[in-house]
Novice: 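Before I ask anything, here is the structure I am working with.
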Amino acid sequence: MIVDAWLQHPTPRFLAHEMFDSLRRWGAMRDEPGSASDGGARELPLAATVAAMDAGGVDFGLLTAWHAPREGALISNDEVAAWVAQNPRRLGGLAAVPLDSPMRALRELRRCVQELGMLGLRMLPWLWETPPTDRRFYPLYAACVELGVPFCAQVGHTGPLRPSEPGRPIPYIDQVALDFPELVIVGGHIGYPWTEEMIAVCRKHENVYIDTSAYTSERLPPELVAYMKTASGRRKVLFGSNHPMIAPQKALAGRDALGLDDEARELYLGGNARRVFKVPVQPTGERA
C-alpha cells in the first residue's frame, strides 16, 4: 500500500496565486489542468487528482488545506473534508488554520479533527513569514498532542516567493520538539539545503519525521537515502509527492534505484505514514 503524505487537490485561487510564479518558471504546475498555462485557473474534478494517484500507484493520499494571511483559505478545510467524503477509502485530510487569530485557530483545529475527521494539522511557517517557534503555534501543538494527531510543516528552503529562514530545522524544529516531546512532527520537503540538520533532529527526537514531498526519487540527497537504510532511519521517512507541483508518478519514478531492502521500502512507501497518521488499512484491490 502506497501512501502519499502530501498532496493538494488545487482550487483556482490556489493555482493562480502569485507566490507560485517561481514554481511555474521551473516547470512545476506549468502543464497542470487549470493552471495559467492551461488557459487559466478553473475548478478541477476530484477525479483528476485521484487519476494522478492511480497513475503513480498511490492507494491513499493526504489532502492538505491551505490558509494564508490576508487571503484566508486558498484550499479550505471544508473543501478538503467534502473531497474526503467523496472517496474516504482513498483520501484523508490535513487541516490548516488562521495563525493570526489564535483562539479561532484552536477552535478550528478541534472542529477539523473531532467533527470533520481530519488526520492532522499542516501549517507552513514560511507562508506566515514566521518560524514554528512563534508563540502563536504553541497552543496548536498542545492541542495536537491532546487530539492525538501530527503537526506537519515544511522544512528547508521555500520554492514559492516567500522567505526560507522559517524552514530551518535547527534551531526551530529542534526547539519545538524539545518543548513538546509528545508532539509528532512531520517535516515535509526533506529540509534541503539543511537536510543533514533535519536528519540530526530526527535522530535526536523520537517523534520527528521527514517526508520526501517536492522531490523525485532521483533528487533525494545521498545522505537521506543512507539514513533511510539504517535501523532507525527506515522508520522515520515517509513518501510524499506535493501534487500538483510534482505528480506522484514522477515522484516515484526511479525508486528501485534507491537500493532499499524490502522492509525499508515498505515503510517508506506506506508503513510509516499509516503508523504516523493512523491511516486505515485498505483492503486489497479496492481502489475507487
Novice: Does any part of the side chain of Val58, heavy atoms only, come nearer than 4.5 Å to the side chain of His243, both counted from C-beta?
Specialist: no
Novice: Is there a side-chain contact (heavy atoms from CB on, under 4.5 Å) between Arg136 and Thr130 once you walk through the steps?
Specialist: CA-CA 10 Å; Arg136 294 171 294 180; Thr130 193; 4.0 Å; yes
Novice: Closest approach of Asn77 and Ala96, non-hydrogen atoms and distance?
Specialist: ND2-O, 2.8 Å
Novice: My understanding is that only one of Glu79, Glu71, Gln8 makes a side-chain contact (heavy atoms from CB on, under 4.5 Å) with Phe14; could you say which?
Specialist: Gln8
Novice: About how many Å separate CH2 of Trp128 and CG of Asp100, when rounded to the nearest 0.5 Å?
Specialist: 4.0 Å
Novice: I need the minimum non-hydrogen distance between Cys144 and Pro150, along with the two atoms involved.
Specialist: SG-O, 4.1 Å
Novice: Check the hydrophobic clustering (I, L, V, M, F, W, Y; side-chain heavy atoms under 4.5 Å; chains of links allowed) and say if Leu127 and Leu109 are grouped together.
Specialist: yes
Novice: For Ala73, does its backbone N or O pair with a side-chain atom of Arg13 as donor and acceptor, under 3.5 Å?
Specialist: yes
Novice: What I'd like to find out is whether the side chain of Thr49 reaches to under 4.5 Å of the side chain of Leu44, using heavy atoms alone.
Specialist: no
Novice: Please check if the number of heavy atoms outside Arg235 that lie under 6.0 Å from its CZ is greater than 12.
Specialist: no
Novice: Nearest heavy-atom pair of Ile75 and Pro10: which atoms, and what distance?
Specialist: CD1-CA, 4.3 Å
Novice: I'd like to know whether Val3 forms a side-chain contact (heavy atoms from CB on, under 4.5 Å) with Asp59, so could you lay out the CA-CA distance, the side-chain angles of the two residues, the decisive distance to 0.1 Å, and finally the verdict.
Specialist: CA-CA 6 Å; Val3 178; Asp59 298 285; over 6 Å; no
Novice: Using the rule side-chain contact (heavy atoms from CB on, under 4.5 Å), only one of Thr195, Asn242, Leu224, Ile190 pairs with Tyr215; which is it?
Specialist: Ile190
Novice: Is the closest side-chain donor-acceptor distance between Tyr209 and Asn272 under 3.5 Å?
Specialist: no
Novice: Is any side-chain heavy atom of Tyr268 less than 4.5 Å from a side-chain heavy atom of Leu260?
Specialist: yes
Novice: Checking Met118 against Val149 for the side-chain contact (heavy atoms from CB on, under 4.5 Å) test, could you report, in this order, the C-alpha distance in whole Å, the side-chain angles of both residues, the deciding distance, and whether it holds?
Specialist: CA-CA 9 Å; Met118 291 197 172; Val149 298; over 6 Å; no
Novice: Please say which of Ile185, Val155, Val184, Asp174 ends up in a side-chain contact (heavy atoms from CB on, under 4.5 Å) with Val208.
Specialist: Ile185
Novice: Which pair of non-hydrogen atoms, one from Ser213 and one from Trp6, has the smallest distance, and what is that distance?
Specialist: OG-CE3, 3.3 Å
Novice: Between Glu266 and Arg255, is there a salt bridge with N-O shorter than 4.0 Å?
Specialist: no
Novice: As an exercise, state the distance from CD of Glu182 to CD of Glu206, rounded to the nearest 0.5 Å.
Specialist: 10.5 Å
Novice: Can you tell me how far NE2 of His67 sits from CD of Glu108, rounded to the nearest 0.5 angstrom?
Specialist: 9.0 Å
Novice: Please lay out, stage by stage, how Arg203 and Tyr227 fare under the test side-chain contact (heavy atoms from CB on, under 4.5 Å).
Specialist: CA-CA 10 Å; Arg203 285 197 180 107; Tyr227 179 58; 3.8 Å; yes
Novice: Would you say Lys278's side chain and Gly148's backbone share a donor-acceptor pair under 3.5 angstrom?
Specialist: yes
Novice: Can Asp262 and Arg265 be counted as an ion pair, charged N to O under 4.0 angstrom?
Specialist: no
Novice: Kindly assign one of parallel, tilted or perpendicular to the pair Tyr141 and Phe137, based on the angle between their ring planes and the thresholds 30° and 60°.
Specialist: parallel
Novice: For Thr11 and Leu74, indicate whether the former's side chain and the latter's backbone hold a donor-acceptor pair under 3.5 Å.
Specialist: yes
Novice: Counting heavy atoms not belonging to Tyr138, are there more than 12 under 6.0 Å from its OH?
Specialist: yes
Novice: Taking the side chain as every heavy atom from C-beta outward, state whether Trp194 and Ile170 have any atom pair closer than 4.5 Å.
Specialist: no
Novice: Less than 4.0 Å between a side-chain N and a carboxylate O, is that true for Arg90 and Asp54?
Specialist: yes
Novice: Give the cluster check for Leu62 versus Leu267: same hydrophobic cluster or not, with ILVMFWY residues linked at side-chain heavy-atom distances below 4.5 Å.
Specialist: no
Novice: When you look at CD of Glu197, are more than 12 heavy atoms from neighbouring residues, nucleotides or ligands closer to it than 6.0 Å?
Specialist: yes
Novice: Has the side chain of Asn207 got a donor or acceptor atom that lies under 3.5 Å from a matching backbone atom of Pro181?
Specialist: yes
Novice: List the atom of Phe180, the atom of Ala142, and the distance in Å for their closest heavy-atom pair.
Specialist: CE2-N, 3.8 Å
Novice: Please tell me if the side chains of His205 and Leu178 come closer than 4.5 Å, counting only heavy atoms from C-beta onward.
Specialist: yes
Novice: Would you say Ile210 and Lys236 make side-chain contact, with heavy atoms under 4.5 Å?
Specialist: no
Novice: Please answer: with hydrophobic residues joined when any side-chain heavy atoms are less than 4.5 Å apart, are Tyr172 and Leu140 in the same cluster?
Specialist: no
Novice: Considering all heavy atoms of both residues, which atom of Gly159 and which atom of Leu23 are nearest to each other, and what is their separation?
Specialist: C-CD1, 3.4 Å
Novice: Is it true that a side-chain atom of Thr212 and a backbone atom of His189 form a donor plus acceptor pair closer than 3.5 Å?
Specialist: no
Novice: Rounded to the nearest 0.5 Å, how far apart are NE2 of His9 and CD of Gln86?
Specialist: 8.0 Å
Novice: Rounded to the nearest 0.5 Å, what's the gap from CZ on Phe151 to CD1 on Ile173? Could you check?
Specialist: 6.5 Å
Novice: With a 4.5 Å heavy-atom cut-off, do Asp4 and Phe239 have their side chains touching?
Specialist: yes
Novice: What distance do Asp211 atom CG and Gln154 atom CD have between them, rounded to the nearest 0.5 Å?
Specialist: 9.5 Å
Novice: Less than 4.0 Å between a side-chain N and a carboxylate O, is that true for Arg234 and Glu263?
Specialist: yes
Novice: Side-chain contact test, heavy atoms from C-beta onward, threshold under 4.5 Å: evaluate it for Met53 versus Leu7 and give yes or no.
Specialist: yes
Novice: For Lys229 and Asp261, indicate whether the former's side chain and the latter's backbone hold a donor-acceptor pair under 3.5 Å.
Specialist: no
